[in-house]
Participant: 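Sharing a structure here in structure tokens format.
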Amino acid sequence: MKRESSYQRESGAAKSFPDLDHGLEWIENKILNAANGTKEQTIPLKDMFHQLQPNDTHLNDLFDVLDEKEGKIGAYRVRQFDAPDNIYFIESGQLTARLEFPNKPPVRLETMKSGQVIGELGFYLGQKRTAGVVADEPSIVYLLSARSLA
């Protein structure tokens, strides 16, 4: 039996989700955040990179070739079957990778947030995009094109 929606009570208010998958994801994120004792926060992508490589003087050169893109809810970053001509680095917001089928609802594969990378496998393997990626929230991503990398 397929459930069309799920609910979670929080502070006396019911929270509704479009399907069981999204409800379970919400609960999982709450559990992970509680276990880590952290609250989600966004730091600039440049600062994230400098935390990973504090002495790398070439990081500033990298940001000279990255193109900052803002996206509204519902904006596509990647369309299924697109050419693999770029990589995106998520600075803020939330995006979802999903399989899309004609005349059927999309199937969610992964939800991605700050610090994650989109499209790197297809980019390096030279294979068309296997899924679409859509913004769930207003987002800021940085695009690295194959042309800029060359």
Side-chain angles (χ1 to χ4, degrees), residues 5-8 10-11 13 15-101 105-150:
S5 64
S6 60
Y7 298 93
Q8 172 67 35
E10 181 176 35
S11 304
K15 182 144 182 81
S16 177
F17 301 95
D19 53 41
L20 183 59
D21 181 43
H22 285 87
L24 289 172
E25 177 189 36
W26 183 84
I27 291 168
E28 180 182 61
N29 287 336
K30 288 287 192 182
I31 291 168
L32 290 172
N33 287 337
N36 292 332
T38 62
K39 191 171 186 175
E40 286 185 39
Q41 61 182 15
T42 299
I43 62 171
L45 187 66
K46 196 171 200 175
D47 291 349
M48 285 185 231
F49 280 27
H50 279 292
Q51 286 177 3
L52 295 171
Q53 296 289 330
N55 300 319
D56 191 338
T57 58
H58 297 291
L59 283 176
N60 291 330
D61 297 335
L62 172 63
F63 277 85
D64 288 342
V65 298
L66 292 178
D67 188 17
E68 182 179 336
K69 303 280 186 186
E70 292 187 30
K72 297 179 181 178
I73 294 172
Y76 273 83
R77 282 293 151 226
V78 173
R79 291 201 182 265
Q80 193 168 312
F81 307 118
D82 275 357
D85 52 1
N86 52 48
I87 299 173
Y88 291 96
F89 300 93
I90 304 172
E91 179 176 83
S92 65
Q94 176 178 297
L95 295 99
T96 294
R98 61 191 197 180
L99 289 176
E100 298 174 337
F101 304 98
V107 175
R108 187 177 66 88
L109 299 174
E110 177 183 14
T111 299
M112 300 165 286
K113 295 187 177 206
S114 178
Q116 291 186 271
V117 182
I118 300 169
E120 72 281 9
L121 288 176
F123 183 83
Y124 287 116
L125 296 175
Q127 296 177 348
K128 288 187 177 184
R129 305 298 185 185
T130 57
V133 178
V134 180
D136 299 324
E137 301 174 353
S139 58
I140 298 174
V141 299
Y142 285 82
L143 179 143
L144 174 62
S145 68
R147 186 176 183 175
S148 295
L149 186 60

Participant: Restricting to side chain to side chain donor-acceptor pair (under 3.5 Å), what partner residues turn up for Ser92, sequence neighbours left out?
Facilitator: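 Listed in chain order: nothing, the list is empty.
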Participant: So, Gln116 side chain and Lys113 main chain: donor-acceptor pair closer than 3.5 Å or not?
Facilitator: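 At least one qualifying donor-acceptor pair exists.
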Participant: Could you walk me through whether Ser139 and Leu95 pass the side chain to side chain contact (heavy atoms under 4.5 Å, CB included) test, one step at a time?
Facilitator: CA-CA 8 Å; Ser139 58; Leu95 295 99; 4.2 Å; yes
Participant: At their closest point, which heavy atom of Ile90 faces which heavy atom of Gly93, and how far apart are they?
Facilitator: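 Heavy atoms of Ile90 and Gly93 come nearest at CG2-O, 4.4 Å.
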Participant: Could you walk me through whether Ile73 and Asp136 satisfy the side chain to side chain contact (heavy atoms under 4.5 Å, CB included) test, starting with their C-alpha distance in whole Å, then the side-chain angles of each, then the deciding distance to 0.1 Å, before giving a yes or no?
Facilitator: CA-CA 5 Å; Ile73 294 172; Asp136 299 324; over 6 Å; no
Participant: Please examine the side chains of Glu137 and Gln94, heavy atoms only from C-beta on, and report whether any two atoms are closer than 4.5 Å.
Facilitator: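 Side-chain contact under 4.5 Å: yes.
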Participant: I need the full list of ring-ring contact (aromatic ring centres under 6.0 Å, His included) pairs touching residues 119-150, with sequence neighbours left out, sorted by first then second residue.
Facilitator: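 Every pair satisfying ring-ring contact (aromatic ring centres under 6.0 Å, His included) with a residue in residues 119-150: Phe63-Tyr142.
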Participant: Any pair with a residue in residues 68-80 that passes salt bridge (Lys or Arg N to Asp or Glu O under 4.0 Å), sequence neighbours left out, goes on the list, sorted by first then second residue, please.
Facilitator: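 Matches after skipping sequence neighbours: Asp67-Lys69.
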Participant: Once side-chain contact (heavy atoms from CB on, under 4.5 Å) is applied, do any residues pair with Asp61, and if so which ones, sequence neighbours excluded?
Facilitator: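 Residues passing side-chain contact (heavy atoms from CB on, under 4.5 Å) with Asp61: His58, Asp64.
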Participant: When rounded to the nearest 0.5 angstrom, what is the spacing between CG in Leu99 and CZ in Arg108?
Facilitator: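 Interatomic distance, Leu99 CG to Arg108 CZ, rounded to 0.5 Å: 12.0 Å.
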Participant: Excluding sequence neighbours, so at least two apart, what forms side-chain contact (heavy atoms from CB on, under 4.5 Å) with Gln53?
Facilitator: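 If we apply the side-chain contact (heavy atoms from CB on, under 4.5 Å) test to Gln53, skipping adjacent residues, the hits are Asp56, Leu59.
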Participant: Does anything in residues 65-87 pair up under ring-ring contact (aromatic ring centres under 6.0 Å, His included), and if so which pairs, sequence neighbours excluded?
Facilitator: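 The answer is none; no pair qualifies.
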Participant: Restricting to non-hydrogen atoms, name the atom on Met112 and the atom on Val117 that form the minimum distance, rounded to 0.1 Å.
Facilitator: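 Nearest pair, atom of Met112 first, then Val117: SD-O, 4.4 Å.
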Participant: Begin from the C-alpha positions of Thr96 and Val133 and carry the test side chain to side chain contact (heavy atoms under 4.5 Å, CB included) through to its verdict.
Facilitator: CA-CA 5 Å; Thr96 294; Val133 178; over 6 Å; no
Participant: Can you list everything that forms a side-chain contact (heavy atoms from CB on, under 4.5 Å) with Asp85? Sequence neighbours excluded, please.
Facilitator: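 Counting only residues at least two positions away or on another chain, Asp85 forms no side-chain contact (heavy atoms from CB on, under 4.5 Å).
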Participant: Would you list the atom pairs, donor with acceptor, under 3.5 Å between side chains in residues 143-150 and any protein atom, with sequence neighbours excluded?
Facilitator:
{"from": "Ser145", "atom 1": "OG", "to": "Ser148", "atom 2": "N", "distance (Å)": "3.0"}
{"from": "Ser145", "atom 1": "OG", "to": "Ser148", "atom 2": "OG", "distance (Å)": "3.0"}

Participant: Do any pairs count as a salt bridge (Lys or Arg N to Asp or Glu O under 4.0 Å) and have a residue in residues 89-100, sequence neighbours left out, and if so which ones?
Facilitator: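 Output for this query lists Arg98-Glu100.
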Participant: Could you give the distance from CD (Glu120) to CG (Asn86), rounded to the nearest 0.5 Å?
Facilitator: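 Here the rounded value is 12.0 Å.
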